[in-house]
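Here is the structure we will look at.
For this chain, numbers begin at 1 and follow the sequence in order. What's counted below: heavy atoms across the whole structure, side chains too, no hydrogens, waters or symmetry copies. What you see is a predicted model, and the numbers here were worked out from it, not measured in a lab.
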Amino acid sequence: MTRFGCSGASRPIARNRALRGAVASLGLAWFLSPAHLAAQAAEAPPDAQTSGASRSGREFALAAGVLGGAFLLDETVRDLALDHQGTLGRDLAEGGHTYGDWKRTAPLLAGGGVLLGVALDGERGVRRATSAFFGVFAGSMSNTVLNWTLGRSRPRAERGVLHFDPFRGNASLGSGHTAYAFAIAAAVDEVTDGGWAIPFYVAAAGTGLARVYGDRHWLSDVVVGGFIGWWVGGRATSAAAGWLRVERASASGSSPPARVRIRPLIAGDALGVQIRFRE
């Protein structure tokens, strides 16, 4: 197995490294798929949780297939992005890179969140902002640990999709910028009512696209990073809100009549994004 760099010279990928990469990829799929299904089961009605084991098996297979498909498409998507480079695309991608860089945006978002919380909801707003901060931190750090542990090479290194060098910094899987952006969206989704989280999800998706377009990450890096940021960030925010006794705005009657929740959807016969409106 070889990978041709920009200079035209071939770069062999050692078989043991390729095997180690394949094992790491399968292990990651094995870890993430049941975690996602468990999250869906926790939110499902009691009667839905008692569905047959065959349905769970199908869902597990589909979830693993999504991640595996992203790995298979890594080279193709990268080539497509590199073949369609342009000034406008690079400018838009730079915006995504900036938004996903916590060193640039975290102070602004944290400060703005606290100020907005105080202005709109007083002390409870501060507790909400604190819960969201905890969720974003947990989601980002979880991805950082995985990234450092696996040590997957970035696309620009021209070492192929299956080159792993564990326990080194600045690795590729999963995307830290994408994890951070989706953790923000999930945290906002947990502590607000109405459609406040929608623009944050849009910005997070744009960040993921920017990381692929800018040749900073493989497609599967973005998929994994986005999932970790969303899943860990949302649940960590919910847990912190419980510790801080954050009361939902809907309980006080000051929220809009409908609550919007956005969730990735993986079911036996469906794959997409679920937007739920609840009275």
Are [X] and [Y] grouped together when hydrophobic residues (ILVMFWY) are joined by side-chain heavy atoms under 4.5 angstrom apart?
X	Y	result
Val246	Phe137	no
Trp196	Tyr99	yes
Ile184	Val223	no
Val222	Leu173	no
Leu116	Leu109	yes

Query - salt bridge (Lys or Arg N to Asp or Glu O under 4.0 Å) contacts in which one or both residues fall within residues 90-100, not counting sequence neighbours - result: none

Where [X] and [Y] come nearest, the two heavy atoms and their spacing:
X	Y	value
Ile228	Gly139	CG2-O, 4.0 Å
Gly96	Ala210	CA-CB, 3.9 Å
Arg128	Val191	NH1-O, 3.1 Å
Gly135	Ala236	CA-CB, 3.8 Å
Pro155	Ser172	CD-OG, 4.1 Å
Thr149	Pro166	O-CB, 3.1 Å

Query raised in the report: Roughly how far apart are Leu150 CG and Arg168 CZ, rounded to 0.5 Å?
Result: 11.0 Å

Query raised in the report: What distance do Thr178 atom OG1 and Leu209 atom CG have between them, rounded to the nearest 0.5 Å?
Result: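 Atom-to-atom, Thr178:OG1 and Leu209:CG are 9.0 Å apart.
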
Query - Candidates Asp74, Leu80, Val77 - the one meeting side-chain contact (heavy atoms from CB on, under 4.5 Å) with Val212 - result: Val77

Report summary line: Paired with Tyr180, the side-chain hydrogen bond (donor to acceptor under 3.5 Å, both in side chains) test is passed by just one of Asn143, Asp101, Thr105, Thr207, namely Thr105

**Report entry** Under 4.5 Å side-chain linkage, directly or through intermediates, the cluster mates of Trp243
**Finding:** Phe134

Requested in this report: Report the hydrophobic cluster partners of Leu88, with the cluster defined as I, L, V, M, F, W, Y residues connected by side-chain heavy atoms closer than 4.5 angstrom, directly or transitively.
Outcome: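 Its cluster partners, ordered by chain and number, are Leu92.
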
Query raised in the report: What's the verdict on side-chain contact (heavy atoms from CB on, under 4.5 Å) for Arg216 and Arg156, showing C-alpha distance, side-chain angles and the deciding distance?
Result: CA-CA 7 Å; Arg216 311 289 182 89; Arg156 291 181 175 181; 3.5 Å; yes

Taking the side chain from [X] and the backbone from [Y], do they hold a donor-acceptor pair closer than 3.5 Å?
X	Y	result
Gln85	Tyr213	yes
Arg154	Asn170	yes
Trp218	Ser153	yes
Asp165	Gly151	no
Arg211	His217	no
Ser238	Gly234	no

Query raised in the report: Going by the angle between their ring planes, with limits at 30° and 60°, are Phe227 and Trp230 parallel, tilted or perpendicular?
Result: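 Correct class here is tilted.
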
Query - Test item: Phe200 and Phe182 side chains (from C-beta on) under 4.5 Å apart, heavy atoms - result: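 No, every pair of side-chain atoms sits at 4.5 Å or beyond.
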
**Report entry** Heavy-atom check, side chain of Val232 versus side chain of Met141, under 4.5 Å
**Finding:** no

Query - Over 12 non-hydrogen atoms of neighbours within 6.0 angstrom of CZ in Phe133 - result: no

Requested in this report: Give the C-alpha distance, both sets of side-chain angles, the deciding distance and a yes or no for salt bridge (Lys or Arg N to Asp or Glu O under 4.0 Å) between Arg152 and Asp221.
Outcome: CA-CA 9 Å; Arg152 188 188 197 187; Asp221 300 336; 2.8 Å; yes

**Report entry** Full working for side-chain contact (heavy atoms from CB on, under 4.5 Å) between Val224 and Leu146
**Finding:** CA-CA 10 Å; Val224 171; Leu146 178 69; 3.8 Å; yes

